[in-house]
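Working notes for the structure below.
The chains referred to below are lettered A, B, ... by the order of the sequence lines, with proteins before strands, and numbering in each begins at 1. Given the structure is predicted, the values throughout are model-derived calculations rather than measurements.
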Protein chains: 2
Amino acid sequence: MEMQNVPYIRMNGGRAEVIKRDAITHIRGQALPADHETYTGILESLDNTIRPRGVGQGALSNAHGDWYEWMLALEAWNTAANNPDADLALLLPNKRRFDLSRLYSPRICGIITDLRNKVLQTGNISFVSSNPDFVILGRSVVDRVIPHLNPINMLSNDAIDTLDNSYLEFADQCSFEEIKGYISVKSSLRPDRRLQIPHEGSLMKAVYVHIQTREWIINPNGIKYYAISTAINDSDIEALNTVATHSITTVSSVPQAAVDQLFAANSPVEARAVFEQILLP
Amino acid sequence: MEMQNVPYIRMNGGRAEVIKRDAITHIRGQALPADHETYTGILESLDNTIRPRGVGQGALSNAHGDWYEWMLALEAWNTAANNPDADLALLLPNKRRFDLSRLYSPRICGIITDLRNKVLQTGNISFVSSNPDFVILGRSVVDRVIPHLNPINMLSNDAIDTLDNSYLEFADQCSFEEIKGYISVKSSLRPDRRLQIPHEGSLMKAVYVHIQTREWIINPNGIKYYAISTAINDSDIEALNTVATHSITTVSSVPQAAVDQLFAANSPVEARAVFEQILLP
DNA sequence: TCGCGCCGGCGCG
DNA sequence: TCGCGCCGGCGCG
């Protein structure tokens with residue numbers, strides 16, 4: 001086992017812990033993922049550097065999630081920076097740290113709080129899903145909040161902090177139509193884990209329909225829910241096409257998928273193609 | 001590493017594989033879980049016997065799922081065997097091996113197939129969830145199909161085969177009211193993994209409401225969805241109380257939880273208390 | 001401290 | 001063969 005100190009491993013009571021942000025920036029010398037690289041190849045090469053230092057599989061699994069999200073978030077940011085009409089997909093923290101409905105203006109946020117309370121009072125019923133990995137913000141609110149979006153040219157610690165924290169600037173700022181959708185990201189899928197995604201999509205869409213009803217909005221754009229992974233198969237696609245159950249109880253409504261589309265993105269080129277499809281007007 | 005052969009490890013190209021059924025029956029000498037034991041204690045002692053033989057954590061994680069399900073299935077079986085009015089909770093295989101709707105009579109099964117096809121045709125929309133771990137069958141169909149339910153007194157390979165395969169006898173046999181509900185079982189929970197359960201519950205309940213509408217059944221009992229784990233906390237309970245989204249779109253319907261109740265069961269005594277609550281009339 | 005949301009390594013048919 | 005559904009070990013605030 002390598003015993004020199006490296007800045008991205010922290011010893012904690014005899015256990016070697018990965019400092020996720022420092023690991024990817026230090027090992028790769030702040031290099032952006034290059035067009036000839038694959039994301040799974042990058043994850044593997046980070047694993048190969050780190051594993052000999054006594055880091056367990058659970059730590060690497062945990063890190064893969066953030067590393068893949070950061071690499072995607074970077075392409076999403078640059079897509080918006082390079083296209084003045086593009087929407088922006090931003091990373092979100094977990095729901096303990098930030099309640100998603102706070103992105104909306106206080107009026108809309110209040111409707112969601114009211115819905116939650118009313119449903120809760122009818123019998124201890126809640127509205128729980130994980131926070132989606134990304135929110136897609138309409139360009140109008142982006143231009144109000146971050147008028148100058150500078151492209152990111154290095155995967156530095158500062159760049160990662162920007163990708164991780166910019167959502168905070170949008171608190172209270174979004175109108176109903178300015179949250180365009182969400183993206184769920186998984187570096188790999190399993191038949192059980194993938195079902196977390198339609199659960200999230202189904203719930204977000206039901207809340208959206210509720211706001212629409214309460215605000216009597218006649219022809220809204222709808223909310224989009226996307227998913228991205230490094231590799232997908234037909235079973236994954238079918239599972240994510242599962243119906244949003246609020247849309248099938250009555251004959252009058254058209255059945256709607258919980259997840260609008262699942263994309264494979266295992267390289268910067270593929271990621272840019274995805275974001276150009278879902279962020280450009 | 002222990003190198004004697006044991007009958008519950010299979011070498012497969014240099015990798016030690018656990019034969020799950022043989023491991024629990026052989027190591028425990030077919031003993032039933034005793035009232036003074038905990039399920040997590042039993043899992044731990046099985047781990048401690050098996051791990052030194054070079055079996056990895058992934059294999060043990062996989063085995064924990066089946067071992068815990070078998071120990072619960074045994075108590076459910078005996079609850080029905082010892083109470084002539086009790087419903088029966090039976091293990092189900094995965095959805096590739098058995099399409100759940102086939103438990104219903106062909107008429108009801110046809111309605112579900114029809115729903116799936118119609119929704120599919122409106123835009124490649126599907127109805128995917130994992131099969132629940134258990135189905136709860138009403139005593140009337142149990143009495144028709146297995147008139148003599150013998151208690152299980154040993155955790156033998158034969159007993160496990162009975163627990164695993166008895167569902168097959170109920171194919172085509174259940175009326176609409178004779179499938180009382182489902183149970184999802186997890187030996188441990190995580191904030192992401194637990195959300196697979198409301199997804200399943202929400203989907204099953206939406207399908208149930210659809211059948212009810214199509215068959216114009218005025219006051220059905222409803223379908224119950226339960227969950228069981230060895231240990232639960234308040235966040236788990238709240239997450240599983242998430243609303244079934246089909247029930248909140250219109251003002252007219254009462255919001256309904258996707259999962260009716262989450263139970264902790266870490267011993268035979270606790271498991272019997274759970275099954276007596278949900279299986280006895 | 002612990003809640004969050006991450007994901008790989010399984011046994012089996 | 002591969003699809004299914006299993007679950008522990010994380011880094012972080």
Side-chain angles (χ1 to χ4, degrees), chain A residues 8-10 12 15-23 40 43 47 55-69 91-98 128-133 164-165 184-197 200 229-230 233-236 238-239, chain B residues 8-10 12 15-23 40 43 47 55-69 91-98 128-133 164-165 184-197 200 229-230 233-236 238-239:
Chain A
Y8 52 83
I9 300 276
R10 173 201 299 131
N12 185 349
R15 195 169 101 254
E17 289 185 3
V18 183
I19 303 168
K20 290 184 278 189
R21 186 192 66 170
D22 296 1
T40 48
L43 298 181
D47 287 355
V55 166
Q57 179 59 56
L60 296 175
S61 294
N62 177 298
H64 287 179
D66 275 353
W67 292 336
Y68 184 52
E69 285 181 26
L91 285 172
L92 292 169
N94 74 48
K95 73 193 181 75
R96 256 298 188 82
R97 284 183 56 205
F98 187 78
V128 177
S129 82
S130 304
N131 266 3
D133 299 298
D164 270 345
N165 299 320
S184 184
V185 163
K186 293 191 186 294
S187 68
S188 77
L189 296 168
R190 289 290 180 281
D192 59 329
R193 291 195 283 103
R194 69 187 173 206
L195 294 176
Q196 298 162 17
I197 305 177
E200 272 180 29
S229 184
T230 57
N233 62 38
D234 290 346
S235 301
D236 297 326
E238 198 198 346
Chain B
Y8 52 82
I9 300 276
R10 174 202 297 131
N12 185 348
R15 195 169 101 253
E17 289 186 3
V18 183
I19 303 170
K20 289 184 277 188
R21 186 192 66 169
D22 296 1
T40 47
L43 298 182
D47 287 355
V55 166
Q57 179 59 56
L60 295 175
S61 296
N62 177 299
H64 287 180
D66 275 353
W67 293 336
Y68 184 52
E69 285 182 27
L91 285 172
L92 291 169
N94 74 48
K95 73 191 181 76
R96 256 299 188 85
R97 283 182 57 204
F98 186 77
V128 177
S129 84
S130 303
N131 266 5
D133 299 298
D164 270 345
N165 298 318
S184 184
V185 163
K186 293 190 187 294
S187 67
S188 77
L189 295 169
R190 289 290 180 281
D192 60 329
R193 291 195 284 104
R194 69 187 174 207
L195 295 176
Q196 297 162 18
I197 305 178
E200 272 181 27
S229 185
T230 57
N233 62 37
D234 289 346
S235 301
D236 297 326
E238 198 198 346

Among Gln196(A), Glu69(A), Arg194(A), which one satisfies side chain to side chain contact (heavy atoms under 4.5 Å, CB included) with Lys186(A)? Gln196(A)
Given side chains that start at C-beta, do those of Val128(A) and Lys95(A) come closer than 4.5 Å, heavy atoms only? yes
Assess whether atom CG of Asp234(A) is packed by more than 12 heavy atoms of other residues, nucleotides or ligands within 6.0 Å. no
Rounded to whole angstroms, how far apart are CG on Asp234(A) and C1' on dC2(D)? 13 Å
Measure the distance from CD on Gln196(A) to P on dC6(C) and round it to the nearest whole Å. 7 Å
note: Tyr68(A), atom OH; dG5(C), atom C1'; distance rounded to Å ~ 16 Å
Within the structure, does a side-chain N or O atom of Ser130(A) lie under 4.0 Å from either OP1 or OP2 of dG5(C)? yes
Decide yes or no for Leu195(B) and Glu200(A): does some side-chain heavy atom of the first lie under 4.5 Å from some side-chain heavy atom of the second? no
Starting at the 5' end of nucleotides 8-13 of chain C, put B wherever the base has a protein heavy atom under 4.0 Å, S where only the sugar-phosphate does, and a dash everywhere else. BBBBSS
Kindly indicate whether the side chain of Arg97(B), heavy atoms from C-beta on, has any atom under 4.5 Å from the side chain of Asn131(B). no
Measure the distance from CZ on Arg194(B) to C1' on dC2(C) and round it to the nearest whole Å. 12 Å
note: Glu69(B), atom CD; dC6(D), atom P; distance rounded to Å ~ 6 Å
How long is the line joining CG of Asp47(B) and C1' of dC6(D), in whole Å? 14 Å
Does Lys95(A) make a side-chain N or O approach to OP1 or OP2 of dG3(C) shorter than 4.0 Å? no
Nearest whole Å is fine: how far is dC2(C) P from Asp236(B) CG? 14 Å
Is Asn233(B) reaching over with its side chain to a backbone N or O of Asp236(B), donor-acceptor style, under 3.5 angstrom? yes
Whole angstrom value for the distance that separates C1' of dC7(C) from CG of Leu195(B): 15 Å
